[in-house]
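First the structure, in the form of structure tokens, and then the observations on it.
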Amino acid sequence: MKTTEELIKNLKKRNPESHKGDYGKDLVIAGSELMTGAAILSSKAAMRTGAGLVYVACTKEMVETIHIAFPEAVCVLRDSLDFSKYDAVLIGPGMGKGKDTEELLKRVLSEYNGPVVIDADAVNVIPEYDLYDYVKGYKGDLIFTPHSMEAERLLKRHEERSAMAEELVKLTGATICLKGHRTIVKNTDSEYINETGNPGMATAGSGDVLSGIILALLGEGIPSFDAAALGVYIHGLSGDSARDMLGEDGLIASDIINQIPLTIKKLKEK
């Protein structure tokens, strides 16, 4: 079982001569016309975690909203994606469970071979459209970030949480980040049980923030298991900082994002 101290060692000081390309060219495939916020939250979280460049794959209808809300993002249209440009990919938040999401996930799993975070609706379309063979045949590293109900849909049955995490690793061959109180991160070799976080983080968009954090860590070259476990830890610690400032009841996902840079600064100072 990995320790938190081991995970924190992945956070390196920046080279004074570095440039934005050294810190990850990350692709966020997220959002829809009615849920553009999911794309904005994930991409903001990635950049606040340290990503050098964040590209948001969106529809034409989403472009203006994203540029206004998050001018640091680079918008790319979904029908013209060249996956070879990116160091890590996130797919799923706020996309809906329709054919468009299914087709985009199939493209990622067929055309890309780098690390991929599969979250939210990209998780849900796998049992919906029977995409298990695409998952099992993927040549790169996968991280799944389901909550318990999404995990049950993938497995098509209910299990106790630790058993579900174990079964999902067997089913997908991926690193599993089973979200909830004491989030479980597990792959075939390692396990990590997170102890940060609080009930105030049970709020819309919190999962989108987590997936963006993990994406940025992957884009910087951190191994998949460590990126998932460290991402969960940073997410929870940032939520705890937001709770300490604002209380639990009114905490929103953006409050978590705002705390990420200070959280990472403190961890690096250790």
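Glu160 and Ser162 share a side-chain donor-acceptor pair at under 3.5 Å. Side-chain atoms of Arg153 and Asn124 include a donor-acceptor pair closer than 3.5 Å. For the residue pair Ser206 / His235, a side-chain donor-acceptor distance below 3.5 Å is found, with atom types taken as modelled.
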- Message: Quick one, Arg243 with Asp240, criterion salt bridge (Lys or Arg N to Asp or Glu O under 4.0 Å). Give me CA distance, side-chain angles, the key distance, then yes/no.
- Response: CA-CA 5 Å; Arg243 182 268 320 273; Asp240 288 344; 3.7 Å; yes
- Query: Under the side chain to side chain contact (heavy atoms under 4.5 Å, CB included) criterion, do Cys177 and Phe144 qualify, and how do the steps go?
  - Reply: CA-CA 6 Å; Cys177 177; Phe144 279 73; over 6 Å; no
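Annotation for Met149: atom CE does not count as buried by contact number, only 12 or fewer foreign heavy atoms lying within 6.0 Å. Enclosure of atom CD in Glu61 by more than 12 non-hydrogen atoms of other residues, nucleotides or ligands within 6.0 angstrom is indicated. Enclosure of atom CG in Asp82 by more than 12 non-hydrogen atoms of other residues, nucleotides or ligands within 6.0 angstrom is indicated. The 12-atom threshold is exceeded at CD of Glu269, counting heavy atoms of other residues, nucleotides or ligands nearer than 6.0 Å. The environment of CG in Asp249 is sparse: at most 12 heavy-atom neighbours from other residues, nucleotides or ligands sit within 6.0 Å. Counted within 6.0 Å of CE on Met35, heavy atoms from surrounding residues, nucleotides or ligands total 12 or fewer; the atom is thus considered open. In His158, the NE2 atom is not crowded: 12 or fewer heavy atoms of neighbouring residues, nucleotides or ligands sit closer than 6.0 Å. Remark: Lys266 NZ is loosely packed, at most 12 non-hydrogen atoms of other residues, nucleotides or ligands lying under 6.0 Å away.
Counting heavy atoms from C-beta on, the side chains of Val185 and Glu191 never come closer than 4.5 Å. Using a 4.5 Å cut-off on side-chain heavy atoms (C-beta onward), Leu218 and Ser224 make contact. For the pair Val54/Val74, no side-chain contact is recorded, criterion being any heavy-atom separation below 4.5 Å from C-beta on.
Hydrophobic clustering of Ile, Leu, Val, Met, Phe, Trp and Tyr side chains at less than 4.5 Å, counting indirect connections, keeps Val209 apart from Leu27. When the side chains of ILVMFWY residues are joined at heavy-atom separations under 4.5 Å, either directly or via intervening members, Ile260 and Leu246 end up in two distinct hydrophobic clusters. Hydrophobic clustering (ILVMFWY, side-chain heavy atoms < 4.5 Å, transitive): Val117 and Ile29 are in distinct clusters. A chain of hydrophobic side-chain contacts below 4.5 Å, direct or via other Ile, Leu, Val, Met, Phe, Trp or Tyr residues, connects Val169 to Ile118. When hydrophobic clusters are built by joining Ile, Leu, Val, Met, Phe, Trp and Tyr residues whose side-chain heavy atoms come closer than 4.5 Å, directly or via intermediates, Ile184 is not grouped with Leu230.
In terms of modelled atom types and a separation under 3.5 Å, the side chain of Asp130 and the main chain of Ile126 share no donor-acceptor contact. Although no hydrogens or angles enter the test, the distance criterion places a donor-acceptor pair under 3.5 Å between the side chain of Tyr132 and the main chain of Leu154. A donor-acceptor pair under 3.5 Å links the side-chain atoms of Asp22 to the main chain of His19, judged by distance alone. Between the side chain of Asp87 and the main chain of Lys25, a donor-acceptor pair closer than 3.5 Å is present. Between the side chain of Ser80 and the main chain of Val76, no donor-acceptor pair closer than 3.5 Å is present. For Ser42 (side chain) and Ala39 (main-chain N/O), no donor-acceptor pair under 3.5 Å exists by modelled atom type. Ser238 places a side-chain N or O within 3.5 Å of a backbone atom of Ile234 that can act as its donor or acceptor partner.
When every heavy atom of Asn198 is checked against every heavy atom of Gly239, the shortest pair comes out as ND2-O, 3.1 Å. Considering all non-hydrogen atoms of both residues, Asp26 and Ala216 come closest at OD2-CA, 3.6 Å. Considering all non-hydrogen atoms of both residues, Lys2 and Phe225 come closest at CG-CE2, 3.6 Å. The two residues Gly94 and Asp121 come nearest to each other via the heavy atoms C-OD2, 3.8 Å.
Screening Asp119, Asp208, Thr183, Thr175 for a side-chain hydrogen bond (donor to acceptor under 3.5 Å, both in side chains) with Thr145, the sole residue that qualifies is Asp119.
Stacking of Arg107 on the aromatic ring of Phe83 is not recorded, the 6.0 Å distance cut-off and the 45° axial limit not both being met.
With respect to Glu103 and Lys106, a salt bridge is recorded, a charged nitrogen being found less than 4.0 Å from a carboxylate O. Using a 4.0 Å cut-off between charged nitrogen and carboxylate oxygen, Glu102 and Lys99 count as a salt-bridge pair. Between Glu128 and Lys97 there is no salt bridge, since no side-chain nitrogen of the basic residue lies less than 4.0 Å from a carboxylate oxygen of the acidic one. Comment: Arg157 engages Glu167 in a salt bridge, judged by a side-chain N to carboxylate O separation of less than 4.0 angstrom.
By the 30° and 60° cut-offs, the orientation of the rings of Tyr192 relative to Tyr233 is perpendicular.
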